[in-house]
Peer 1: 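Can you read through this structure? Questions will come right after.
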Amino acid sequence: MNDALLSLEAIHVAYGKVEAVRGVNLALGEGQITTVIGANGAGKTTLLSAAAGLLPWSGRARYQGEDLSRMTVEDRVERGFCLVPEQRALFGDMPVLDNLLLGAFVRRRDKAYVKNSLESVFEQFPRLAERQAQLAQTLSGGERQMLAIGRALMSQPRLLLLDEPSLGLAPTIVRDVLKRVRGLRDQGVSILLVEQNARAALDVADYAYVMDTGEFVLEGKAADMASDPRVMATYLGGGVE
Amino acid sequence: MIPARSFALFAVLALLALPAVAPPFLVTLMSHVGVSSLVVLGLVLLTGIGGMMSFGQAAFVGIAAYTTGWLTTALGWSPWLGLVFALALTAASALAIGAITLRLGGHFLPLSTIAWGLSIYYLFGNLEPLGRHSGMLNIPPITLGPVSFMSQTAMYYLIWTFTLLATLFCLNLLDSREGRALRLLRGGAHLMGSIGMDTFRTRLRVFVIAGILAGLAGWLYAHMTRFISPAPFEVKISIEYLLMAMTGGASQVAGATVGASLIVLIKNWLQDLLPHLTDNPAQLEQVAFALMLILILRFARSGLMPLVLKLVKRMPRPVDVQAGLLPKRRLPATGETVLEVDAVERRFGGLVAVNKVSFNVKAGEIVGLIGPNGAGKSTMFNLITGTLSVSSGTVRFLGKDTRRLSQRQIAALGCARTFQHVKLRPAMSLLDNVVGGTYLRTQAGYIKSGLKLDREEEERARLEALMRLEQVGLAERAHDLAGDLPLGQQRVLEIARALALDPVLLILDEPAAGLRKKEKDALAALLRKLRDDGLTILIVEHDMDFVMNLVDRIVVMVFGQKLREGDPTTIRRDPAVQEAYLGGLA
Amino acid sequence: MSLDIILILLIDGLSTGAIYLLAGLGFVLVFSVTRVIFIPSGDIAAFAALTLAAFQSRTVPGSIWLVAAMAALACLAECMTHLRNGTARRLPHAIFFYAVLPLIPCIVGLMIAKQDVPEALRIVTTMALILPMGVLIDRLTLRPLATSSTLILFIVAIAVHFLIAGIGLIVFGPEGVRTNPILDGVTTLPGGVVVPAQQILMMIVALLLSFVFYLFFGRSITGKALRATASNRVGARLMGIRPERAAATAYLIASGLAAIVGILIAPVTTMYYDSGFMIGLKASVGAIIGGMASYPITAIGSVFIGILESWASFLASDYKEIIIFSVVIPVLIWRSFAVHRDGDEEIEELA
C-alpha cells in the first residue's frame with residue numbers, strides 16, 4: 001500500500017537474543033484509527049516503541065513516503081509523528097502548564113501558534129486548565145493520561161501513536177479518553193492505538209490487527225473483529241487457528 | 001590452549017626465577033609491580049566485580065605507610081606491629097567512609113573518596129611528626145627472626161609471597177558464599193534481597209577488603225623504599241591504580257597483576273623517554289595516562305584479560321554428588337494459612353496502585369493472581385515480598401506481620417520469588433546463579449572462604465543447586481552461562497534459584513512467558529509436583545490456558561482492587577471477569 | 001577577636017562563596033542533564049584566568065591553540081559520525097558549529113593579543129574563547145559514552161581533568177598569574193572596615209547571574225527543555241528535545257559560568273594551570289550539599305563553604321582544605337539516612 005501514511009513491512013524487534021516482534025506488516029491509512037490489540041506480553045508496546053524510534057528494529061518502515069530507518073525520535077516529532085508512551089513519560093517535577101508548553105517544543109518559535117494550541121487543549125481538557133499550576137506528579141491516573149495526550153496534541157501531530165491509553169483507568173474514564181481519541185480522528189489526526197482493552201479499542205477504531213506472541217494473527221475491519229470469537233480466544237485462552 | 005593450573009604454575013615459577021636471571025633494576029621494578037598489584041586487586045573486587053569506585057586507594061596506601069613509618073622510626077616498634085596497626089587503621093578508615101557513603105547513589109563514593117584522599121594528602125604534608133612535605137627517612141627493613149629483608153631480592157620475594165597469597169585469597173573468596181554475594185551486587189538490591197543477601201553490608205565489606213589490601217601494599221612499600229613522602233599517595237596515583245585495573249581487565253583477579261605490570265613498565269619507559277622530549281615529564285606522563293584511561297574506557301572496556309584467557313583452558317569444577325545435604329525446613333501442614341493479605345493499600349503520589357485488597361493463601365495450594373495489565377498485580381507481589389512497603393493494611397506471612405521486616409527477613413522466613421523482568425547474572429553459570437539461592441542456608445564468612453575452609457558446606461550447597469536444576473530440567477546445562485539461555489528458560493532458572501532457598505511460599509511472576517507449549521506443560525507438571533510435596537505457590541500469569549489448568553483458586557484484580565475470587569471454572573465464566581479483560585464498553 | 005575581623009572574614013567568605021555558587025550551579029545543571037559530574041569545569045575557570053592574564057601581558061594565550069585543536073578534532077568526529085549514519089546533509093551545520101564558531105574567537109584573540117585594546121574587549125574575547133571548551137570536551141570524550149553508567153562518566157570526567165590540566169601546563173607554562181582587578185579601589189563600610197571593590201563585584205555578579213539563571217529556567221522554553229531532559233529523558237525526546245543538544249547547552253552554560261568564575265577570581269588569587277581542580281572540588285561540595293539536584297540548596301551550600309573557607313584560612317590555614325572536605329561527611333550522613341527503601345538502584349556495568 002503506497003498511499004498509507006505509515007507502512008511497516010517485515011518488522012523485527014529483538015531484545016538481545018529474544019525476538020519480541022517477528023515479521024509484522026502494518027499499513028495505516030490517513031485519517032483513520034488503526035488499532036493493534038492483544039493480550040499483555042504480545043509485543044504491542046515493543047512494536048510501538050520501535051516504530052517511534054526508541055528501540056532498534058529491522059525491516060522496512062516508511063512515514064509520509066520517507067524512510068524511517070535513518071530518522072531519530074526527534075526527527076519524527078518534527079514531522080508530526082508523536083508517541084504517547086505507556087508510562088506517560090510526564091515531567092513529574094514540573095507544573096502541568098510547563099508540560100504542555102514543552103509539548104509544542106518543536107514549534108516553540110511561533111508564539112501565536114503555541115497560544116492557540118494551548119487554548120484548544122484547555123478547551124478539550126478543561127481539567128488541565130484547572131490544574132495548570134499543579135506539579136504533574138500530583139495528578140491522578142486519569143488526569144495524567146489526559147496530560148500525556150494533551151501534551152502530544154500541543155504540536156498538532158499528523159500521526160499520533162497511543163500506547164494503552166486505558167491502562168489503569170476506571171471504565172468511565174476509559175470511555176471518556178477513547179471518545180476524545182475519536183474526536184481527534186474527526187479533526188484529521190491519524191491514530192495508531194495499541195490497546196489491551198479490545199472491546200473499547202474496536203469500538204472506536206476503523207481497522208484492527210490482533211497480535212499474539214510477537215506476530216499479527218488476525219486483521220480486518222474493526223467492526224467485523226468485534227464479534228469474532230477468535231479475538232476472545234487470544235485473551236482468555238483456547239488458542240487461535 | 002593450556003590448562004589454567006599449568007598456566008598459573010608457569011607464572012609463579014617465572015616470578016620465582018626472575019631474580020636469578022634478570023638485572024637488579026628489573027627486580028626492583030617487579031617489586032613495585034607486586035605492591036601495585038595488591039592495590040589493584042582490591043580495585044578489581046571493588047570496581048570490576050562490585051561495581052563501585054574509589055579514588056582513595058592511594059590514600060589508604062599512604063595511611064598504612066605512614067602508620068608503620070611513624071611507629072617504627074619514632075617509637076622504634078617492630079615492623080610487624082606496624083603491620084597490625086597499619087591494617088587496623090586502613091580498615092577503620094574504609095569502614096567509616098563506606099558506612100556513610102555506600103547507601104547513596106553510585107557517584108557519592110568516588111566523589112567523597114576524592115575529597116577524603118585530598119584531605120589525607122594535605123594532612124601528610126602538614127603534620128610535623130610525619131615530616132611534612134619532606135617525608136620520613138630511615139624506615140627500618142622488615143626482619144623475620146634471623147632473616148632481614150634489607151636486600152632488594154629478599155624484599156622481592158616477600159612482596160610476591162604476599163601478593164600471590166592475596167590473589168589466592170581473592171580467588172577462593174569469589175568462589176564462595178560471600179563471593180557470590182559480591183558477584184551479584186551488580187544484579188541490584190532487589191535480586192540480592194530476594195535471596196537474603198544484604199547489599200549494603202556486602203558493599204561495605206568489599207570496600208574494607210580493598211582498603212586492607214591497599215594497606216598491606218602501603219606497609220610493604222614503606223619498608224621496601226624505606227623512605228616515604230606524600231607524593232605517591234596523591235589522588236593522581238589513585239587514577240593510575242584505576243588505569244592498571246582497567247588495562248588488565250577489571251573483572252578478573254589475575255587482571256590486577258597483568259595491568260599493574262604493564263602500567264609500571266610503561267611508566268618506567270615514559271620516565272626514561274620523556275625527559276629527553278620535554279621540560280615537564282611528570283605532566284606529560286599524566287597526560288599520557290589520562291588519555292590511555294579515556295581510550296580504554298571507550299574502546300576496550302574489558303581490558304587485556306580476555307586475550308590472556310583465550311590461551312587458557314578452564315574446566316568447570318564438577319559437583320560432588322557424594323556431598324551431604326543442606327538442612328531443610330519443616331513445611332506447615334496442608335490447609336494452614338501461610339499468607340494473609342488484609343486490606344492492603346499502596347499509593348504512589350496521586351495514584352492508588354493497590355486499593356484495599358484482601359486474600360489468603362493456604363499451605364499446599366496454588367493460587368493464581370490475574371487481571372489486565374496495570375491492575376496492580378506486580379505491586380501486590382512487591383508488597384508481599386517486602387520490596388515495597390504498604391501504605392496501609394497488613395500482610396502476615398506465617399502469622400508474622402511483615403510490615404517492619406526487610407525483604408531479606410521475609411526471604412529468611414521462607415518466601416522466595418521470581419521476577420517479571422528476569423534478574424540473573426548472565427555472565428555466571430546456571431549452577432552459580434542457583435547456588436546463590438542457598439545463601440540463607442549456609443554460614444561461611446569471608447575468612448573461612450578465603451582460606452578455603454568452607455569446602456564441605458560449599459559442596460553441599462553446590463549439590464543442592466544441582467538438584468534444583470535437575471528438578472526444573474536444566475541440569476545438563478549447569479555449567480553454561482545463564483545469559484546463553486533463551487528468555488523462557490531463564491525464568492525457569494529463576495525458579496530453581498528460588499527453590500534453593502527451601503521456601504514455604506513460592507511467588508512466581510509470569511513464569512510461563514516466553515516458553516513453548518511443551519516447556520509450559522513441563523513447568524505446569526513441575527509446579528503441581530511441588531505443590532504435592534507441600535509447597536505453597538502464588539502465581540501471576542497471563543497465559544490463561546496455563547493458569548486455568550494449574551491453579552486451585554484465582555484472585556482477579558482490576559484497577560488495584562480485588563474483583564473476584566474463586567475456582568478457575570467459575571472465574572472463566574464470570575461476566576465481570578470477561579468484561580474486565582475485554583473491556584466493558586461494547 | 002574584634003568585630004572588624006569577623007566582618008572582614010564574613011565579606012571575604014561571601015565573595016568566595018559567590019565563586020563557588022556560580023561553579024556549583026554549573027555542576028548541578030550539567031549533572032541533572034547529562035549525569036556527568038563535570039570536574040573539568042574548574043580547569044576551564046583556571047584557563048579563563050590564564051587566558052586573560054596572557055592578554056594583559058601582551059602575549060598570545062596558549063588556550064587559542066588548545067581550543068583550535070579541540071575544535072578541529074570535534075569537527076572531525078562530528079563529520080565522521082554524520083558520514084557513518086548517512087546524514088551527510090548535516091555536514092555544513094556540523095562544520096559551522098564545531099569548527100567555524102569556536103575559531104572566530106581564536107582569530108580575534110590572535111589579532112588583539114599583542115595590541116593595546118580596551119580591557120573590556122579582552123574580557124569578552126576571553127569569555128568567547130573559553131565558552132566552547134565544555135561543549136568540545138563533551139563532544140570528544142563524554143558524548144560517545146553518554147549511555148554508560150554514572151560511574152564510568154565520572155571516571156572519564158576525572159581523567160579529562162588530569163588530561164587537560166597536563167595540557168594546561170604545556171600551553172600556559174608553570175607560572176602563576178594575577179590579573180588586573182576589574183574594579184579598582186576599596187569601599188569603606190560604616191565602622192571603618194575596608195573592603196576591596198573586586199569582592200563587592202564578585203558578590204553582585206553572583207547575585208545577578210543567579211537571578212538570570214532563575215529566570216532562564218523558570219521562564220524560557222530552552223530552560224524548561226533542559227529541566228525536562230533532566231526530569232524524564234524519554235519524555236523530552238518524545239517532545240523533540242534532542243538530548244545531545246540539551247547536553248551541549250548545559251555544557252555551554254557551565255563553561256560560561258566557569259569562565260566568569262576564572263575572570264572574577266584571578267585578580268584576588270594567584271592562578272596556576274592546575275588551580276582549577278580545587279575550585280571544582282570545593283564547588284562540588286556545595287553541589288553535594290544540594291544533592292546534585294537542588295539549585296537553591298546548592299547556592300546556600302556554596303556560600304556556606306565560602307564562609308567556612310575564609311574562617312578556616314584565618315584560624316588554621318594549613319588545615320583549611322581538610323576542614324572544607326570534612327564538611328562533606330555530615331552532609332553525606334544526613335543524606336544516607338534520607339534514602340528510602342523503595343526502588344531498585346541503577347545497575348552499574350563496568351566491564
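First the proteins, then the strands, lettered A, B, ... as listed; each starts at 1.
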Peer 1: Under 4.0 Å between a side-chain nitrogen and a carboxylate oxygen: does that hold for A:Glu66 and A:Arg62?
Peer 2: no

Peer 1: Could you tell me which portion of A:Leu83 (side chain, backbone, both or neither) has an atom closer than 4.5 angstrom to a non-hydrogen atom of chain C?
Peer 2: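 Both backbone and side chain.
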
Peer 1: Any carboxylate oxygen within less than 4.0 angstrom of a Lys/Arg side-chain nitrogen, looking at C:Glu78 and C:Arg143?
Peer 2: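 Salt bridge: yes.
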
Peer 1: When the ring centroid of A:Tyr209 is compared with that of A:Tyr207, is the distance short of 6.0 Å?
Peer 2: yes

Peer 1: List the steps, then state whether ring-ring contact (aromatic ring centres under 6.0 Å, His included) holds for C:Phe217 with C:Tyr295.
Peer 2: CA-CA 11 Å; C:Phe217 283 100; C:Tyr295 295 107; 5.5 Å; yes

Peer 1: Relative to chain C, which of A:Asp75, A:Thr72, A:Leu101, A:Val106 shows the most heavy atom pairs under 4.5 Å?
Peer 2: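 Ranked by heavy-atom pairs under 4.5 Å with chain C, first place is A:Asp75.
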
Peer 1: Please state whether the side chain, the backbone, both or neither of C:Ala236 comes within less than 4.5 Å of a heavy atom of chain A.
Peer 2: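 Both parts, heavy atoms under 4.5 Å.
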
Peer 1: What residue, out of A:Val84, A:Val114, A:Leu90, A:Asn99, has the most heavy-atom pairs lying under 4.5 Å from chain C?
Peer 2: A:Leu90

